[in-house]
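So you know, we letter chains A, B, ... as the sequences are listed, proteins then strands, and number each from 1.
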Protein chains: 2
Amino acid sequence: MALPIIPPDRSLTYGLVESLGQLIVTGAYDTKPFPTEGELSRQHGTSRSVTREAVKMLTAKGLLQARPRQGTRVTPEARWNLLDPDVLRWLLERKFSLQLLAEFSEMRLAIEPAAAALAASRADHAAIGRIRDGLERMKAAGHGEDEPVAADIAFHTAVLAATGNRFYAQLDALINTALRISIRFTNRIKGRAAGIARHEEVLDAIAAGDPERAALAMRALVQEVLALIGTASAQTGAARKAARRAG
Amino acid sequence: MALPIIPPDRSLTYGLVESLGQLIVTGAYDTKPFPTEGELSRQHGTSRSVTREAVKMLTAKGLLQARPRQGTRVTPEARWNLLDPDVLRWLLERKFSLQLLAEFSEMRLAIEPAAAALAASRADHAAIGRIRDGLERMKAAGHGEDEPVAADIAFHTAVLAATGNRFYAQLDALINTALRISIRFTNRIKGRAAGIARHEEVLDAIAAGDPERAALAMRALVQEVLALIGTASAQTGAARKAARRAG
DNA sequence: ACCGACATATTATATGATTATTCTTCTTAA
DNA sequence: TTAAGAAGAATAATCATATAATATGTCGGT
């Protein structure tokens, strides 16, 4: 299943949603008040209809709330819907932090091993085939015959889908986003973070119908990612300290 | 056409979002095409502005997609944002199924033990205090001095918050919804599903800073819920079979 | 100091007109 | 006959403007 992360088109409304979403998550309105509808329309050169519809979409994602006479306000960050793919994408694109990525990976560490276990106990032949396809793509990518990140994502997506659980399946959009963007920002993580061998272990366990082994293999795989984030974080921390000493 | 059950809580727009959201998840538009803007406005007696803004909000939640000349369509169910509290609520309120509840609990089974473990390794005094407050409320509810469901929710919410991980914390809105609504539908589950003793074990382990024990205790707790759903499901399945035999 | 009436700013709603997009149908040429 | 292209039509997207509803603050009176 292809996952359109990018909005259907680039209409004025969706463009404004993008712009405002990114502005909001960066904290651009933490100090100054959020503009009124009229103000927004003027600033972005859009009619009030477009402005209002964009604000309504951001309200649906938990980023804004509006009341007459009181104006539109940015919702406290704790109530943003982080599990909305757009919101997560804006945060990772515009306010990237290893901290956020670590928190997300920490959730993956709970979800994905469980997903692998479920897949091992339930996946039918076709579902296992799709996981195998993902692995084949990773191998092909190793020879430069496919896109490594896309192949990796395909593998994890196939495992999530093989659980037969709609909630697990939903997470693939988020993992997709996180993987793509984290690689854009931290080249440290892109390397050969989680080798093909590890992925193969996961597939083998699922194909063998061994939930426990599948969970362990997947856990090892995600843990490796988390560890890489940890070291990257420590290194930037050290770099900051060094900079302070030098400055 | 049977229209809104829930009255506009605030405004025409939000009321329409509710009505349409509920209609969509029930599959009311699986056979017939989704109405055009003008049609919707006529059916619900709202202006086009209100209609369009409601459609935009539902689009933001992944339930609809609109294109000129092509009209507005219901998105395939697989792409609905189940992790949006509103969407989950509509589904559980309007298209309740033990299957869906089981899938959600299956996800809890992955998340909550991990959350308990994180809480055990990280929670500070204040966070533990909030978990304890939840437990106290449950005890009070045992004496009829508090609302049992609200107390249970408070406990789980406090654990999720104690992880210090924003993604875990986000899930509390979903668990909140699922708990409240599942109890409204299946009185089998409301009983003394997960006793106070089990919750106390979780708190003890977290307070003691023992991640492993916290995870096991929480796992047992959620597993109990899942088992109850399983038996309820088996029973309704048996009831259906019996009905078929009788009919 | 409190209370209520009133002014005011801002979102909410309504309506009509225009534009852009794309699906359908018809036409035309090979 | 078929394929390509042009014209038409349906629908959402956008714009513009007007009115209503609703909080919030202000001011006068007690």
So does [X] get a side-chain nitrogen or oxygen closer than 4.0 Å to the phosphate oxygens (OP1/OP2) of [N]?
X	N	value
B:Arg67	C:dT22	yes
B:Ser11	C:dT11	no
B:Lys56	D:dA12	no

For [X] and [N], what is the distance between atoms [atom1] and [atom2] respectively, to the nearest whole Å?
X	N	atom1	atom2	answer
A:Glu53	C:dT11	CD	C1'	15 Å
A:Arg73	D:dA23	CZ	P	12 Å
B:Arg52	C:dG16	CZ	P	17 Å
A:Met57	D:dT14	CE	P	11 Å
A:Leu64	C:dT11	CG	P	11 Å
B:Arg48	C:dT18	CZ	C1'	11 Å
B:Leu16	C:dA14	CG	P	10 Å
B:Leu12	D:dT22	CG	P	10 Å

Table please: side-chain donor-acceptor pairs of residues 95-102 of chain B below 3.5 Å, with sequence neighbours left out.
from: B:Ser97; atom 1: OG; to: B:Leu100; atom 2: N; distance (Å): 3.0
from: B:Gln99; atom 1: NE2; to: B:Glu103; atom 2: OE2; distance (Å): 2.6

For [X], what residues pass the salt bridge (charged side-chain N to carboxylate O under 4.0 Å, His left out) criterion, not counting sequence neighbours?
X	answer
B:Arg132	none
A:Glu39	A:Arg42
A:Arg48	A:Glu37
B:Asp172	none

- Item | side-chain contact (heavy atoms from CB on, under 4.5 Å) against B:Ala162, all qualifying residues, sequence neighbours excluded | B:Ala119, B:Ala123, B:Ala127, B:Ile131
- If you measure from CG on A:Leu83 to CE on A:Met107, what distance do you get to the nearest 0.5 Å? 6.0 Å
- Message: Tell me the bend of the helix from C:dA1-D:dT30 to C:dA30-D:dT1 as the angle between end helix axes, each from five pairs, rounded to the nearest 10 degrees.
- Response: 10°
- Note on the structure: Residues pairing under salt bridge (Lys or Arg N to Asp or Glu O under 4.0 Å) where one sits in residues 140-151 of chain A, two or more places apart or in two chains, turn out to be A:Arg137-A:Asp146
- Message: If you go through the side-chain atoms of A:Thr13, does one of them form a donor-acceptor pair with the base of D:dA13 closer than 3.5 Å?
- Response: no
- Item | Side-chain (B:Lys61) to main-chain (A:Ala60) donor-acceptor, under 3.5 angstrom | yes
- Message: According to ring pair (Phe, Tyr, Trp, His ring centres under 6.0 Å), does anything in residues 39-89 of chain A pair up with another residue at least two apart or in another chain? List the pairs.
- Response: none
Using a cutoff of under 3.5 Å, can you pull out all pairs of nitrogen or oxygen atoms linking the protein to nucleotides 4-9 of chain D, with atom names and distances?
none

- Heavy-atom side-chain contact between B:Thr157 and B:Ile175 under 4.5 Å: no
- Query: Near DNA chain C, which residues from residues 34-47 of chain A have a heavy atom under 4.0 Å away?
  - Reply: A:Thr36, A:Glu37
- Item | Nearest-neighbour nucleotide for the B:Pro68 side chain, C:dA20, D:dT14, C:dA14 considered | C:dA20
- Can you tell which of D:dT24, C:dT15, D:dT14 lies closest to the side chain of A:Gln70? D:dT24
- Can you name the residues that form a ring-ring contact (aromatic ring centres under 6.0 Å, His included) with B:Phe167, not counting sequence neighbours? A:Phe104
